[in-house]
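Accompanying notes for the structure given below.
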Amino acid sequence: QVQLVESGGGLVQTGGSLRLSCAASGTIFSRKNMGWYRQAPGKQRELVAGISSGDSTNYADSVKGRFTISRSNAKNTLYLQMNSLKPEDTAVYYCNLEIAYTHYWGQGTQVTVSS
């Protein structure tokens, strides 16, 4: 079975940094579309950052210039480097993997930014 496990979330002060990781098992994600999503209470889940099968990246306007998505194919791990964090970044962050039009999700990791 394909499994995605996020880690690296926690409590951080405004202006701080975190690096989220998504470790995959049951598949390899080289040449796969992947992304980080987040969902805050009372809000829709939104795409934060995506990386394509060709390794092009895209970001939500709200995080552009602050977050960086990357992956290690050798480690089968996806990363999200989060800098200059703001209270509005507080959410549960989810890793997503697309395989043959099927989307797989991790359980999420909580990021809380205090003001």
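- For the pair L4 and W105, the minimum side-chain heavy-atom distance is 4.5 Å or more.
- Atom CG of D89 sits about 7.0 Å away from atom NZ of K86, to the nearest 0.5 Å.
- In this structure a side-chain-to-backbone donor-acceptor pair under 3.5 Å is present from Q39 to K43.
- At a threshold of 4.5 Å between side-chain heavy atoms, the hydrophobic network of Ile, Leu, Val, Met, Phe, Trp and Tyr places Y59 and L85 in one connected group.
- Relative to the six-membered ring of Y94, R45 meets both conditions, a distance below 6.0 Å and an angle of at most 45° to the axis.
- Of all non-hydrogen atoms in V48 and V63, the two that sit nearest each other are O-CG2, 3.6 Å.
- To the nearest 0.5 Å, atom OH of residue Y104 and atom NZ of residue K32 are 10.5 Å apart.
- Counting only distance, with no hydrogens or angles, the side chain of E6 and the backbone of G108 share a donor-acceptor pair below 3.5 Å.
- Side-chain atoms of T109 do not come within 3.5 Å of backbone N or O of Y93 as any donor-acceptor pair.
- When all heavy atoms of A40 and A91 are compared, the closest pair comes out as N-CB, 3.9 Å.
- The cluster map of Ile, Leu, Val, Met, Phe, Trp and Tyr, joined by side-chain heavy atoms under 4.5 Å apart, puts I69 and L20 in the same cluster.
- Between S84 and S17, the shortest heavy-atom distance links the atoms N-OG, 4.3 Å.
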### Task
Kindly determine whether Y79 and R19 satisfy side chain to side chain contact (heavy atoms under 4.5 Å, CB included), including the steps that lead there.
CA-CA 7 Å; Y79 302 99; R19 189 176 77 159; 3.8 Å; yes
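- The closest side-chain heavy-atom distance from L80 to T68 is not below 4.5 Å.
- Checking side-chain atoms of T14 against main-chain N and O of S114 turns up a donor-acceptor pair under 3.5 Å.
- Side-chain contact check for N76 versus R71: every heavy-atom pair is 4.5 Å or farther apart.
- Side-chain atoms of T112 and V12, non-hydrogen and from C-beta on, never get closer than 4.5 Å to each other.
- Not one N or O on the side chain of W36 forms a donor-acceptor pair closer than 3.5 Å with the backbone of C22.
- Clustering ILVMFWY residues whenever any of their side-chain heavy atoms sit less than 4.5 angstrom apart, transitively, puts V92 in the very cluster that holds L47.
- Side chain of T90 to main chain of V113: a donor-acceptor pair is present (N/O by atom type, distance under 3.5 Å, no hydrogens or angles).
- Of the possible polar contacts, none joining the N96 side chain to the M34 backbone as a donor-acceptor pair under 3.5 Å is found.
- At a cut-off of 3.5 Å, with distance as the only test, a side-chain donor of N83 or Q81 sits close to an acceptor on the other residue.
- In this structure, V111 and G9 approach most closely via the heavy-atom pair CG2-CA, 4.1 Å.
- Between the S52 side chain and the S56 main chain, a donor and an acceptor come within less than 3.5 Å of each other.
- Across L78 and G35, no two heavy atoms sit closer than the pair CD2-O, 4.1 Å.
- Following chains of ILVMFWY side-chain contacts shorter than 4.5 Å, one cannot reach L18 starting from V5, and the two form parts of different hydrophobic clusters.
- Nearest heavy atoms, R38 versus S62: NH2-OG, 3.3 Å.
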